[in-house]
Amino acid sequence: MRLSLRFLIPLALVLAAFAYAAVPLVDNLIVKWFVRDLEIRSVLIANTLQEPLQDLLRAGSRAKTVNYFTRIAQDERLFAIGFCDQQRNAMIAVKSFPSDLACAEIEKHASGSTWVLPSEKGLLQVSVRTIEAEGTLLGRLVLVHDMSFVQRRSEETKRYVFYFVIVLGALVSLVTVVVAQLSWRGWVQGMRALLRGEGLVRPAEKVNVPELRPIARDVQALIRDLETEYRPKDEGQITWSPDTLRSILREDLRGEDVLVVSNREPYIHVRKQDGIEVQRPASGLVTALEPVMRACSGTWIAHGSGSADKEVVDKSDRVSVPPEKPAYRIRRVWLTAEQEAGYYYGFANEGLWPLCHIAHVRPTFRTADWKHYLEVNQKFSRAILDEAKTDDPILLVQDYHLALLPRMVREQLPKATIITFWHIPWPNPEAFAICPWRAELLDGMLGSSILGFHTQFHCNNFCDTVDRLLEARVDRESLTISYGGKPTTVKRYPISIEWPPSREMVGKPVDQCRTELRRRHNLPADHFLGVGVDRLDYTKGILERLRAVERLLELEPERVGRFTFVQIAAPSRSSIEQYQQFEVQVRALATQINNRFARGGYLPIILKIEHHEPAQVYEYYRAADLCFVSSLHDGMNLVAKEFIASRDDERGVLILSQFTGASRELPESLVVNPYDIDECAAALHVALNMSPPEQRHRMRIMRGLIREFNVYRWAGRMLLDAASMRRRGSISARTGGVVLSWPKDLREGRDFPVQR
Ligand code: F6P
């Protein structure tokens with residue numbers, strides 16, 4: 001519609017101008033034609049009257065002449081006739097003859113003259129013709145024509161011309177708009193595609209609009225030049241955002257689709273009494289990858305674990321998400337109850353999880369679980385082959401549930417770029433070596449092109465483990481492992497979160513969060529609040545955290561009744577015995593502390609073991625005076641980063657375990673050893689007494705770090721590394737590898753090497 005107006009308004013203006021100029025011109029022309037007609041008519045009448053008039057004049061009957069004239073003047077256009085008698089110098093005329101046309105006046109005009117005479121009746125045209133007999137001038141015949149019909153016709157003509165221009169204009173506009181719309185759409189699509197770079201990714205020949213192809217070719221060449229000349233060599237120069245990721249995919253990876261594969265899915269459909277509810281799981285992996293997928297599109301392959309998951313997928317087990325604004329799709333993989341028990345609860349979470357987290361829970365390895373682990377990894381690998389559109393897809397494998405997958409995919413798709421990210425710590429070789437399937441796991445992981453960990457410490461541990469347990473070549477300088485087929489690069493990619501946080505998370509003002517939350521928990525407005533947010537997992541140090549709160553209240557009794565710690569704990573892996581026991585322990589300790597310090601309605605610990613949606617968690621972050629992360633061992637811990645991101649008021653204090661990956665990036669937090677309860681209690685004391693300027697100072701530095709090292713940078717670095725790996729791969733595929741050696745014939749006699 002807007003487009004049509006853009007055409008129609010100028011067109012209407014042009015037509016109006018045209019009508020304004022054309023109508024008087026046409027009118028003028030028409031008037032001239034009519035005047036000319038009258039002149040011809042006058043000549044005709046004069047010629048016709050010549051002889052009868054001579055006879056009448058000769059007969060000398062004035063009355064007869066007048067009668068004769070009166071008869072002729074009955075013609076509707078002839079207004080009057082008169083004759084100026086030369087001999088008698090008298091006017092013989094009909095009654096209607098204009099009185100101001102006296103003979104003296106008539107004689108001033110030569111024969112054949114015509115002029116216009118204004119009168120009460122309107123315009124009149126006067127023509128004068130001489131009447132002669134045998135060479136003698138008898139007098140002047142005066143014919144007066146009524147010109148009012150000319151005026152009438154002129155008005156009609158103007159009207160018709162005006163309507164004609166309007167109708168013509170409307171038709172022209174219609175045709176113009178239709179043609180313009182069609183070609184404009186094509187152009188706009190073409191230009192948009194060009195500007196988005198799509199026309200630049202595909203060959204110019206495939207650009208839809210033929211007229212744009214030469215432009216596409218030129219722009220492609222220009223962009224290639226600019227890219228090579230100006231691409232920032234240092235990732236620190238890049239502003240990392242969803243757009244940056246999209247442009248890496250477009251330009252560096254030539255528009256490749258990204259496949260992500262993980263056990264946990266980003267959206268879970270759960271059947272409730274009043275319908276299907278969509279839940280966002282409590283998972284660092286999901287927190288990090290979800291915004292990346294929203295930016296990159298593509299497909300996320302994951303275990304469909306929700307009770308209503310099957311109800312919402314299409315016939316290929318796919319569903320588009322986020323539900324409110326689909327940007328990518330989940331391909332769900334279904335597991336039997338036995339597979340889930342053996343692969344997920346068993347091998348992954350009773351075996352590998354405690355193996356990699358030094359949290360003093362013994363890992364349990366069962367052959368049956370291992371078989372399920374193998375089987376489920378194969379199942380995921382089949383789903384990947386289903387979803388891959390090319391023989392060299394970019395695959396992002398996530399976490400310890402799928403350690404065998406990279407090798408399985410590599411065997412089927414040798415050209416795939418496989419980036420595996422290990423979200424949990426990697427232990428030292430001795431600790432890892434207790435796993436009965438250690439070699440198989442390492443072999444599976446070394447099917448990856450790139451293997452990522454959160455910290456350099458975990459990268460080093462992995463290389464040490466491979467060095468110790470496999471016959472592999474480990475290049476310590478480039479941290480590249482060659483084992484069997486292709487080399488694997490081991491690299492540190494510290495994971496992060498979306499920046500800036502979405503409006504959904506930080507839309508509610510901090511003051512409102514503080515007031516509403518305190519009111520909800522029946523706490524006074526100035527009550528101090530601490531918060532802990534975790535899955536209910538024994539690695540998170542929840543018991544140690546509660547003990548630190550207890551110790552604080554012991555040492556500072558004046559805090560009793562004035563400080564409350566809210567522990568949000570999302571139920572997790574609750575089929576596993578250690579997790580069930582852990583929940584019992586947490587509940588018991590919270591009750592014990594509450595019993596000890598309860599005053600009136602006051603409880604020092606509020607334990608909320610239930611699922612919270614991300615926006616609800618952010619409300620707690622924003623309402624709290626401090627956030628306590630006390631993991632006994634943690635790959636990164638994104639709760640720490642989320643708390644910082646949530647505090648756009650630059651207030652609040654973070655207490656952070658030294659055993660998290662995050663503590664290496666956030667030294668401005670209060671870093672503690674969670675096993676040292678007194679130290680943790682002291683950190684609580686410091687946090688509760690920290691001045692606002694000090695809080696602001698620390699918060700600013702930490703927020704700056706997360707802004708700069710956000711999750712787009714995490715994903716973007718891996719994708720850039722994948723892209724350069726692919727470029728290198730394509731060079732060696734083209735050249736077949738350059739081998740510098742001395743061919744036999746050259747060795748004998750010639751003295752320079754050649755490239756083969
Ligand atoms: O961040 C480590 C991790 O194990 C993820 O792999 C996982 O998604 C998350 O914790 C939550 O665990 P789960 O998927 O078992 O609920």
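Values reported hereafter were calculated over all heavy atoms of this structure, with side chains retained and with hydrogens, waters and symmetry mates removed. Read the numbers this way: they start at 1 and go in the same order the structure lists the ligands and their atoms.
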Around [atom], find the nearest protein heavy atom and jot down its residue, atom name and distance.
| atom | result |
| --- | --- |
| atom 14 (O) of ligand 1 | Arg264 NE, 2.9 Å |
| atom 15 (O) of ligand 1 | Tyr344 OH, 2.4 Å |
| atom 7 (C) of ligand 1 | Ser283 OG, 3.7 Å |
| atom 11 (C) of ligand 1 | Arg535 NE, 3.2 Å |
| atom 5 (C) of ligand 1 | Asp399 OD2, 3.2 Å |

For Trp353, the ligand 1 atoms with a heavy-atom partner under 4.0 Å come out as 4 (O)
In terms of atom number and element, which parts of ligand 1 are under 4.0 angstrom from non-hydrogen atoms of Tyr400?
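Those atoms are 4 (O).
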Are [X] and [Y] linked by a side-chain donor-acceptor pair shorter than 3.5 Å?
| X | Y | value |
| --- | --- | --- |
| Ser283 | Arg535 | no |
| Gln581 | Gln585 | no |
| Asp369 | Tyr345 | no |
| Tyr579 | Asp537 | yes |

Checking the N or O distance criterion of under 3.5 Å, is ligand 1 in contact with Arg573?
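Between Arg573 and ligand 1, an N or O pair is found under 3.5 Å apart.
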N/O separation below 3.5 Å, Asn349 to ligand 1
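No.
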Sole residue of Lys508, Arg622, Arg503, Arg703 in salt bridge (charged side-chain N to carboxylate O under 4.0 Å, His left out) with Asp648:
Arg622
Please confirm whether His401 approaches ligand 1 to less than 4.0 Å, judged on its heavy atoms.
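The answer is yes: ligand 1 sits under 4.0 Å from a heavy atom of His401.
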Quick one: do Arg318 and Glu387 satisfy salt bridge (Lys or Arg N to Asp or Glu O under 4.0 Å)? Show the steps, please.
CA-CA 10 Å; Arg318 295 177 189 134; Glu387 295 297 329; 3.1 Å; yes
Check the pair Arg280 / Glu613 against salt bridge (Lys or Arg N to Asp or Glu O under 4.0 Å), numbers first and verdict last.
CA-CA 6 Å; Arg280 310 258 305 266; Glu613 282 298 304; 5.4 Å; no
